[in-house]
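This is a predicted model, so every value here is computed, not measured.
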Amino acid sequence: MIVQRVVLNSRPGKNGNPVAENFRMEEVCLPDNINEGQVQVRTLYLSVDPYMRCRMNEDTGTDYITPWQLSQVVDGGGIGIIEESKHINLTKGDFVTSFYWPWQTKVILDGNNLEKVDPQLVNGHLSYFLGAIGMPGLTSLIGIQEKGHITAGSKKTMVVSGAAGACGSVAGQIGHLLGCSRVVGICGTHEKCVLLTSELGFDAAINYKKENVAEQLRESCPAGVDVYFDNVGGNISDTVISQMNENSHIILCGQISQYNKDVPYPPPLSPAIEALQKERNITRERFLVLNYKDKFEPGILQLSQWFKEGKLKVEFLFFINIILPAT
């Protein structure tokens, strides 16, 4: 069987911007038979995520993300349907997911590396398992639970950067659900600001491309910032940290503004901001959701419950439907 796949064609360099030419499509032959324990799956959805920029480098800069290899198929979060199975716990027609799904129209995988997903948990919207009811949702939920120190009735103010993204849009909603009295988002367009405040329950939103972030933060967070869900790093984060209260907390989810630069992760703060962080006893700990796998199942069930109750809204589709034609 001939299938199509996406491979890494070249690397952009640690300080370069990715371009389409870094990838190429090619055809390969899929074996006719599968071995015991394997399944043949047809790809339905693939997730494109910021961390993948690091995987385009020869050295990802981390010990938990492996680099993509040149001329080899790239992989990431994906969902598919089983077409043939020789695995004892998986049958034809099952929907399955993996964090290491090859970007290939059809593929043979080890069934032990797959997890079945229940369409009923997302009212049939399978793609949500790659977004709000999947890894981005878990990252937001577990990050806030483990690093945000939010309790019901504590009247804390949370700020979310990258607030219209896969994690940010969920994190803001979860902040309210877990007890924050005020949630403010930072994003890059007027349309996103409107979405955050009119649909997703944010109390205020700041367009960092058009507005003075420091001034808008002082207006939107008159009591200061208690929890900062940081997706971007850089100047925006410096501005937020400068307005954080004593004994407040930074949830270090991502640093997307730094991913095209050759800097360590997490990037160090400027001397002035680092001094302020220490003076105010602001926690800023590296957060890796993969260290909390024991919380994945209850987390998915909680996210699903909120979604079904209408408390967690999914407005953006943070995935791509695979565009390679199936053969």
Apply the test side-chain contact (heavy atoms from CB on, under 4.5 Å) to residues R5 and V3: give CA-CA distance (whole Å), side-chain angles for both, the deciding distance (0.1 Å), then the verdict.
-> CA-CA 7 Å; R5 67 180 188 175; V3 299; 5.8 Å; no
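- With hydrogens and angles disregarded, a donor-acceptor distance shorter than 3.5 Å links the side chain of K313 to the backbone of E199.
- Tracing side-chain contacts under 4.5 Å through hydrophobic residues (I, L, V, M, F, W, Y), one reaches Y100 starting from W68; they form part of the same cluster.
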Go through E36 and K86 one step at a time and tell me if the side-chain contact (heavy atoms from CB on, under 4.5 Å) criterion holds.
-> CA-CA 5 Å; E36 289 297 322; K86 287 189 177 179; 3.9 Å; yes
Stepwise side-chain contact (heavy atoms from CB on, under 4.5 Å) test for L269 and R284 = CA-CA 10 Å; L269 298 172; R284 182 180 183 256; 3.7 Å; yes
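- Residue-environment remark: CD (Q120) stays at or below the threshold of 12 foreign heavy atoms within 6.0 Å.
- Listed for the K295 side chain is no donor-acceptor partner under 3.5 Å among the backbone atoms of L138.
- Side-chain contact between V19 and P12: absent, with no pair of heavy atoms (C-beta onward) separated by less than 4.5 Å.
- Judged by distance alone, with hydrogens and angles left aside, the side-chain atoms of S304 form no donor-acceptor pair with the main-chain N or O of I300 at under 3.5 Å.
- Atom CD of E58 is surrounded by 12 or fewer heavy atoms from other residues, nucleotides or ligands within 6.0 Å.
- The nearest pair of heavy atoms linking L303 to A132 is CD1-O, 3.5 Å.
- Taking the side chain as every heavy atom from C-beta outward, V314 and H125 never approach each other to under 4.5 Å.
- Counting only distance, with no hydrogens or angles, the side chain of T151 and the backbone of S154 share no donor-acceptor pair below 3.5 Å.
- If you chain together hydrophobic residues whose side chains sit under 4.5 Å apart, V194 and Y208 never meet in one group.
- Closest approach of L276 and I241 over heavy atoms only: CD2-O, 3.5 Å.
- One hydrophobic cluster holds both V122 and I81 under the rule that ILVMFWY side chains link at heavy-atom gaps under 4.5 Å.
- Using a 4.5 Å heavy-atom cutoff, the side chains of V41 and V107 are in contact.
- Between the CE atom of M244 and the OG1 atom of T157 there is a distance of 10.5 Å, given to the nearest 0.5 Å.
- Aromatic ring orientation, H149 versus H249: tilted (interplanar angle from 30° to 60°).
- Put simply, the residue from I251, T139, L141 that forms a side chain to side chain contact (heavy atoms under 4.5 Å, CB included) with C167 is T139.
- Between M135 and D49 there is no side-chain heavy-atom pair separated by less than 4.5 Å.
- Residues Y51 and Y64 place their aromatic rings such that the two centres sit no closer than 6.0 Å.
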Going through the distances and angles, do Y292 and F287 end up as a ring pair (Phe, Tyr, Trp, His ring centres under 6.0 Å)?
-> CA-CA 10 Å; Y292 299 90; F287 169 69; 5.7 Å; yes
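- Looking at T91 and D94, their side chains do bring a donor and an acceptor atom within 3.5 Å of each other.
- What you find for V160 and N231 is that their closest heavy atoms are CG1-ND2, 4.1 Å.
- Atom CD of E83 sits in a crowded spot, with more than 12 heavy atoms from other residues, nucleotides or ligands closer than 6.0 Å.
- For Q243 (side chain) and V225 (main-chain N/O), no donor-acceptor pair under 3.5 Å exists by modelled atom type.
- At least one donor-acceptor pair under 3.5 Å links the side chain of N9 to the backbone N or O of E21.
- Of all the heavy atoms in G162 and V232, the pair that sits closest is N-CG1, 3.8 Å.
- Counting heavy atoms from C-beta on, the side chains of F296 and V289 come closer than 4.5 Å.
- Within the 3.5 Å criterion, the main-chain N or O of V184 finds no donor-acceptor partner in the side chain of S220.
- Expressed to the nearest 0.5 Å, how far CD of Q277 lies from CG of D238 amounts to 11.0 Å.
- Taking CZ of R182 as the reference point, atom CG of D226 lies at 12.0 Å (rounded to 0.5 Å).
- To the nearest 0.5 Å, atom CG of residue L252 and atom CG of residue L288 are 11.0 Å apart.
- Within the 4.5 Å cutoff, no side-chain heavy atoms of I282 are placed close to those of Y228.
- No side-chain heavy atom of E191 sits less than 4.5 Å from a side-chain heavy atom of L195.
- A parallel orientation is assigned to the rings of W103 and F23, their planes being inclined by less than 30° (bins at 30° and 60°).
- A heavy-atom distance below 4.5 Å is found between the side chains of D75 and R55.
- For K308, the NZ atom is densely surrounded, since the number of other residues' heavy atoms within 6.0 Å is greater than 12.
- T97 places a side-chain N or O within 3.5 Å of a backbone atom of G78 that can act as its donor or acceptor partner.
- Within the model, atoms CD1 of I34 and OG of S85 stand 6.0 Å from one another, a figure rounded to the nearest 0.5 Å.
- Of the possible polar contacts, none joining the E219 side chain to the E215 backbone as a donor-acceptor pair under 3.5 Å is found.
- Of the possible polar contacts, one joining the T43 side chain to the Q104 backbone as a donor-acceptor pair under 3.5 Å is found.
- Of all heavy-atom pairs spanning S237 and D230, the tightest one is OG-OD1, 2.8 Å.
- Linking ILVMFWY residues whenever their side-chain heavy atoms come closer than 4.5 Å, directly or via other members, places M25 and V48 in the same cluster.
- In this structure, C221 and V159 approach most closely via the heavy-atom pair SG-CG2, 3.8 Å.
- In this structure, CG on L90 lies 12.0 Å from CD on Q38, to the nearest 0.5 angstrom.
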List the steps, then state whether side-chain contact (heavy atoms from CB on, under 4.5 Å) holds for N112 with H87.
-> CA-CA 8 Å; N112 291 330; H87 189 280; 2.8 Å; yes
